[in-house]
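Here the structure is laid out as structure tokens; the discussion comes afterwards.
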Amino acid sequence: LLEIKTKSWTMRMPFVILLLAIEGQTASVSRFTNVECEILDIGYITYPKCNLKLVGRGIVGLNINMKLLKPPVETVKLNLSLWRKFNGFRPFMFNTTFDYCKYAERPTLSFQHIVFSAIRDSSNINHTCPYDHDIIVHNMIFKEEYLRLMPLPAGEYQFQILIATYNKWRTMIKATVLHNE
């Protein structure tokens, strides 16, 4: 009798493995795959840290430490854009430039709101201007709930943030996300 039960289980094993593999492929998983921090104005900021860190099994955290060399910063202009990979990254859906200080005083539901709602939870940019301290993002994990207001088809995307202070572009941050459905 024990031999029959063992044989039955051995015959079912490939079927169980197939079901687990299919379940893993259908689950929606998004994660950071790359981050680049480019300084456009040397002498204004530095990046002691700009990297991705594995914080758990398959969970990647984004870490950025932007050191301001000439604080305080009282005017901030941002350009946010979304890019999708088609033989290289191409502009996709969103490209907006706005005054961040005004936005921080009165956030509105927009592409900016989606991006900064995601960043606020793991950073110290949750206040209005002026900024007289380093900007830190610590272990930001890309969560599926970020896409609730902005459903995207599966693919590789790049969020680009171009930052200007006092009407001069100072830095650019590019964070790449792999989104599977």
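Predicted, not measured: the structure shown is a model, and the values here were computed from it. Only this structure's heavy atoms are used, side chains among them; waters, hydrogens and symmetry mates stay out.
- Ring geometry for Phe111 versus Phe94: interplanar angle under 30°, hence parallel rather than tilted (30 to 60°).
- Under the 3.5 Å distance criterion, the side-chain polar atoms of Asn63 are matched with a main-chain donor or acceptor of Asn139.
- When side chains are defined from C-beta on, Ile119 counts as touching Ile125, because their heavy atoms get closer than 4.5 Å.
- Looking only at side-chain heavy atoms (C-beta outward), Met66 and Ile163 come within less than 4.5 Å of each other.
- The 12-atom threshold is exceeded at CZ of Arg84, counting heavy atoms of other residues, nucleotides or ligands nearer than 6.0 Å.
- Atom CG of Asn167 is surrounded by 12 or fewer heavy atoms from other residues, nucleotides or ligands within 6.0 Å.
- Atom CG in Leu82 sits 6.0 Å away from atom CG in Leu152 (nearest 0.5 Å).
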- Message: Please evaluate residues Val76 and Asp99 with respect to the criterion side-chain contact (heavy atoms from CB on, under 4.5 Å), reporting the C-alpha separation (whole Å), side-chain torsions for both, the decisive distance (0.1 Å), and the verdict.
- Response: CA-CA 6 Å; Val76 180; Asp99 182 329; 5.8 Å; no

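- A 4.5 Å side-chain heavy-atom check between Ile45 and Lys67 finds every atom pair outside the cut-off.
- The number of heavy atoms from other shown groups lying within 6.0 Å of NE2 (His133) is above 12.
- Between the side chain of Asn95 and the backbone N or O of Ser81 there is no donor-acceptor pair closer than 3.5 Å.
- Less than 6.0 angstrom separates the ring centroid of Phe116 from the ring centroid of Tyr100.
- The closest donor-acceptor contact from the side chain of Ser110 to the backbone of Thr108 lies under 3.5 Å.
- Applying the salt bridge (Lys or Arg N to Asp or Glu O under 4.0 Å) test to residues at least two apart or on different chains, the pairs with a partner in residues 33-57 are Asp41-Lys168, Asp41-Arg170.
- Defined by atom type and a distance below 3.5 Å, a donor-acceptor pair is missing between the side-chain atoms of Thr176 and Asn34.
- By the neighbour-count criterion of 12 heavy atoms within 6.0 Å, atom CG of Leu54 is densely surrounded, having more than that number from other residues, nucleotides or ligands.
- Of the possible polar contacts, one joining the Glu144 side chain to the Ser30 backbone as a donor-acceptor pair under 3.5 Å is found.
- In the model, Tyr47 has a side-chain atom that pairs as donor or acceptor with a side-chain atom of Thr171 under 3.5 Å.
- No option in Trp83, Phe32, Phe142, Phe92 other than Phe92 meets the ring pair (Phe, Tyr, Trp, His ring centres under 6.0 Å) test with Tyr157.
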